[in-house]
Amino acid sequence: MNHNQPVYFSDYFNIDKLKLKQLGVFDPILNFDTKVFVEPLLLKESSNKIIKESYKNYTKFFADLLTLLQTSTSTGDKCWRAAKKMVDFPEYPFTCIGYSSGNTDGRGSGIEFNDKILHSAIEIIDKANGNPEIFLLLPLLEEGIAGDRISDMVQNIIDDDICKYTQDIMNKLGLEGNCRHSTRNHNTYKLLLNPFSKKPIKLIPYDILLNLPVADNIDSLIEEMTSHNTRLRDLVNRDIGCIWLDTTKAQRKAILLKEIKNNREFFIETLKALKEYKFEHYDLETDYEGLYKWLEDSQDFINFELAKEIKNCPDNLNSLDFAITAIIKHFKDTIENKEVWRTFWTKCNLEYKHVRVYYSQMLFFTVCNSWLTSQDSNININLIHSTKNIDLEFSVSDKHRLIVHIKHANNPTLKTSYEKILETFRGSDNEKHIYLIMNFKEEPANQLKEVKIIENPICKIFEVNVTNRNNTKENDLCAFPDFDWGFPEFEDINFTDDRYIKEKRKGGENSYQAYKPLRDKVTELCTKELGKKNYDSANLLCNKVANIIEKKYPHLLNSFQPYQNHEFDGNDWKRPTFYSWCNNLYKAHYSAKENETA
């Protein structure tokens, strides 16, 4: 068995994929974690009765924890020790989801995570008022609690329900378990053994999975929820609106966490908004981020006969370089000239989106691994992986190796990472590097142009053109034609049309994507109007932009309103949506650093 080759659960056990889809079951890749996560807010919306009921068990767990903490009179007493024992959430490798790459082992310190969860639980007792659903916000209260660990926590809590669900699905598929497994509640289930991890396989429905956990996206989510919840919007504007503008994304999250922890009114209103918000699971069939489909898409590359030099590569660095370069050239040709570039783009809601870099990395790995294995090549391939990055290592023996770094051209660290490679491996005689860059824009990003200028034989650069070549975007409500500086096409557009709002909010992924064409045009306008001046802060730029639009293009105001059925006025320029946009504009075009190099 080739343990490097990714394998679907359905393929290994010879199960009809259509049957799994009809049952609503996520088909895991048994030896590679898929980067999706169980979201507790989706449990009660699941179409499966067992999992839907698990929401009650989830809230009961925290009701019991709340009772123990409220009864406890001092740290270390009997109730406190019982609560600490409850908050024990080890990594959950059985469902093959999460952030780890190259295997299904989890990451991070379970002890540290458990301590943070207990600490947060103690902090919010006074806000709970006996309501266990208050703990829906618990993951948001401690800095450094990542969404993948929240997913582990949820699965640990509803472990018995997941096992019941797995056995039910196995019965419907006619599968017989081959290993006994005991849960944290000491219940025993007969499940299937994962041949790669040697651990039980636990199945889950795909309608409880998100691509980005709420805990990792709380700042954007709160901004989105303000469009539905007037009370929350008023609190955001009143309490944090004044400091929202001149901050980074990380700083914004810190501001929100502090406000949630210290402002009871904001805490309660955020919880209310979360409970009312309509979450939708990540569409794995469309999979616009490419988190899952890379394995299936790799089939487009399999019909390829490797050269003899690749099948039996001499044990020297130049031969290895020649072999891998040949593979990359074929990979590039297949994508650019055989319509495979299409797999990198998916139409999501109203626009085309390209995949995450994870898709490109795993696609290239799977393709290379398939080619080398099928041709019985003596070239070895290994993944060098971290939380957010995957590199590929090729070698014939332990003497020489070639590392391929797969990057997207829009990566802001593209140049600095390349420079670090040149600096680190200058003078190395047993190692070479290759930068494989996927370019998604007709006009290459500045960092791609810059890295090409400093290209060095230490790390060769190959660019793969994966620009979207679809000529039309049918039914695209926001595909505006080119127009002059008067913006006449916007005058008759109704951005509060019910059909538009329904489409805009679909999926809850990015509430303002539909405004992007408008924002881009206004950005272009402001760039020309303002010139390359140095503004001391984004706040000054925000006011300047507002004045330009109000004085010269007043017909744009209603089109640019950030909230449904809300007329634009002077105060609206200080709403988070416009703040966020102007801040990004400031960073991209008007910061002091930018002007120094302009």
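The model shown is predicted, which means the values in this text are computed figures rather than measured ones.
A ring-ring contact (aromatic ring centres under 6.0 Å, His included) with Phe331 holds for exactly one of Phe301, Trp341, Phe365, Trp371; it is Phe301. The side chain to side chain contact (heavy atoms under 4.5 Å, CB included) test with Lys329 is passed by exactly one of Thr325, Asp333, Ile327: Thr325. When each of Tyr352, Tyr282, Trp345 is tested with Tyr288 by the rule ring-ring contact (aromatic ring centres under 6.0 Å, His included), just one qualifies, namely Tyr282.
At a threshold of 4.5 Å between non-hydrogen side-chain atoms, the residues Val466 and Ile335 count as touching. Side-chain contact check for Asn468 versus His354: every heavy-atom pair is 4.5 Å or farther apart. Contact annotation: the side chain of Leu210 never approaches that of Glu280 to less than 4.5 Å [non-hydrogen atoms, C-beta and beyond]. No side-chain heavy atom of Ile204 sits less than 4.5 Å from a side-chain heavy atom of Ile51. Lys432 places a side-chain heavy atom less than 4.5 Å from the side chain of Asn318. The side-chain heavy atoms of Phe9 and Ile15, taken from C-beta on, include a pair separated by under 4.5 Å. Using a 4.5 Å heavy-atom threshold, the side chains of Val154 and Leu43 count as touching. You'll find the side chain of Met153 stays beyond 4.5 Å of the side chain of Val87, heavy atoms only.
Side chain of Asn378 to main chain of Cys313: a donor-acceptor pair is present (N/O by atom type, distance under 3.5 Å, no hydrogens or angles). The main-chain N or O of Leu295 is found under 3.5 Å from a side-chain atom of Ser298 such that the two form a donor-acceptor pair. A donor-acceptor distance shorter than 3.5 angstrom exists from the side chain of Glu336 to the backbone of Asn465, with no hydrogens or angles considered. With hydrogens and angles disregarded, a donor-acceptor distance shorter than 3.5 Å links the side chain of Asp207 to the backbone of Ser47. Of the possible polar contacts, one joining the Tyr435 side chain to the Tyr418 backbone as a donor-acceptor pair under 3.5 Å is found. Asp152 contributes no side-chain N or O that, together with a main-chain N or O of Glu91, makes up a donor-acceptor pair within less than 3.5 Å. Judged by distance alone, the side chain of Thr413 and the main-chain N or O of Ser417 form no donor-acceptor pair under 3.5 Å. Judged by distance alone, with hydrogens and angles left aside, the side-chain atoms of Asn31 form a donor-acceptor pair with the main-chain N or O of Val7 at under 3.5 Å. The main-chain N or O of Ile458 is found under 3.5 Å from a side-chain atom of Asn456 such that the two form a donor-acceptor pair. Between the side chain of Ser46 and the backbone N or O of Asn48 there is at least one donor-acceptor pair closer than 3.5 Å.
A salt bridge links Asp159 to Lys202: one of the charged nitrogens lies within less than 4.0 Å of a carboxylate oxygen. A salt bridge links Asp321 with Lys460; the closest basic N to acidic carboxylate O contact falls under 4.0 Å. Ion pair Asp11/Lys17 flagged as a salt bridge, since at least one NZ, NE, NH1 or NH2 atom sits closer than 4.0 Å to an Asp/Glu carboxylate oxygen. The existence of a salt bridge linking Arg469 and Glu339 is excluded, since no basic side-chain nitrogen approaches an acidic carboxylate oxygen closer than 4.0 Å. Using a 4.0 Å cut-off between charged nitrogen and carboxylate oxygen, Lys21 and Asp16 do not count as a salt-bridge pair.
Residue Ser395 holds its OG atom at 7.5 Å from CG of Leu320, rounded to the nearest 0.5 Å. In this structure, CD in Glu393 is found 9.5 Å from NE2 in His433, a value given to the nearest 0.5 Å. The distance from the CG atom of Asp283 to the OG1 atom of Thr346 is 9.5 Å, given to the nearest 0.5 Å. Taken from CD in Gln167 to CG in Leu175, the straight-line distance is 12.0 Å, to the nearest 0.5 Å. With values rounded to the nearest 0.5 angstrom, Leu209 atom CG is found 6.0 Å from Leu284 atom CG. Between the CD1 atom of Ile437 and the OG atom of Ser360 there is a distance of 12.0 Å, given to the nearest 0.5 Å.
A pairwise comparison of heavy atoms in Leu173 and Leu20 identifies CD1-CD2, 3.8 Å as the closest pair. Residue Asp27 comes nearest to Ser10 through the heavy atom pair OD2-OG, 2.5 Å, listed as atom of the first residue, atom of the second, then distance. Closest of all the heavy-atom pairs between Ile461 and Val451 is CD1-O, 3.4 Å. Between Trp294 and Pro6 the shortest heavy-atom distance is CZ3-CG, 3.6 Å. Residues Leu203 and Tyr165 come closest through the heavy atom pair O-CD2, 3.2 Å. When every heavy atom of Ile381 is checked against every heavy atom of Cys368, the shortest pair comes out as CD1-CB, 3.7 Å.
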Please lay out, stage by stage, how Cys459 and Leu422 fare under the test side chain to side chain contact (heavy atoms under 4.5 Å, CB included). CA-CA 7 Å; Cys459 184; Leu422 299 184; 4.1 Å; yes
What's the verdict on side chain to side chain contact (heavy atoms under 4.5 Å, CB included) for Asp315 and His400, showing C-alpha distance, side-chain angles and the deciding distance? CA-CA 8 Å; Asp315 189 8; His400 308 98; 3.6 Å; yes
Starting from the C-alpha separation in whole Å, work towards a yes-or-no answer on salt bridge (charged side-chain N to carboxylate O under 4.0 Å, His left out) for Lys172 and Asp168. CA-CA 6 Å; Lys172 291 175 180 177; Asp168 180 59; 3.2 Å; yes
Verify side chain to side chain contact (heavy atoms under 4.5 Å, CB included) between Ile406 and Ile390, making sure each step is shown before the conclusion. CA-CA 8 Å; Ile406 301 96; Ile390 300 174; over 6 Å; no
For the pair Thr416 and Gln447, evaluate side chain to side chain contact (heavy atoms under 4.5 Å, CB included) and give the outcome as yes or no after the intermediate values. CA-CA 9 Å; Thr416 55; Gln447 57 265 27; over 6 Å; no
Test ring-ring contact (aromatic ring centres under 6.0 Å, His included) applied to Tyr292 and Phe26, step by step: CA-CA 11 Å; Tyr292 181 64; Phe26 169 63; 5.4 Å; yes
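Between Phe364 and Phe394, the ring planes lie perpendicular to each other; the angle is over 60°, past the 30° to 60° tilted range. The aromatic rings of Tyr206 and His281 are tilted relative to each other, their planes meeting at an angle between 30° and 60°. Using cut-offs of 30° and 60° for the angle between ring planes, the Tyr92 and Phe94 rings count as perpendicular. Below 30°, between 30° and 60°, or above 60°: for Phe89 and Phe61 the angle between ring planes is between 30° and 60°, a tilted geometry.
Relative to the ring axis of Phe462, Lys332 does not place its NZ or CZ within 45° and under 6.0 Å from the centre. Both tests pass for Lys293 against the ring of Tyr359: distance under 6.0 Å to the centre and angle within 45° of the axis.
The number of heavy atoms from other shown groups lying within 6.0 Å of CD (Glu450) is above 12. For NZ of Lys441, the number of neighbouring non-hydrogen atoms (other residues, nucleotides, ligands) closer than 6.0 Å is 12 at most.
Using modelled atom types, one finds a donor on one side chain and an acceptor on the other under 3.5 Å when comparing Thr95 with Gln155.
Residue pairs meeting the salt bridge (charged side-chain N to carboxylate O under 4.0 Å, His left out) criterion with at least one partner in residues 356-377, sequence neighbours excluded, are Glu289-Arg356.
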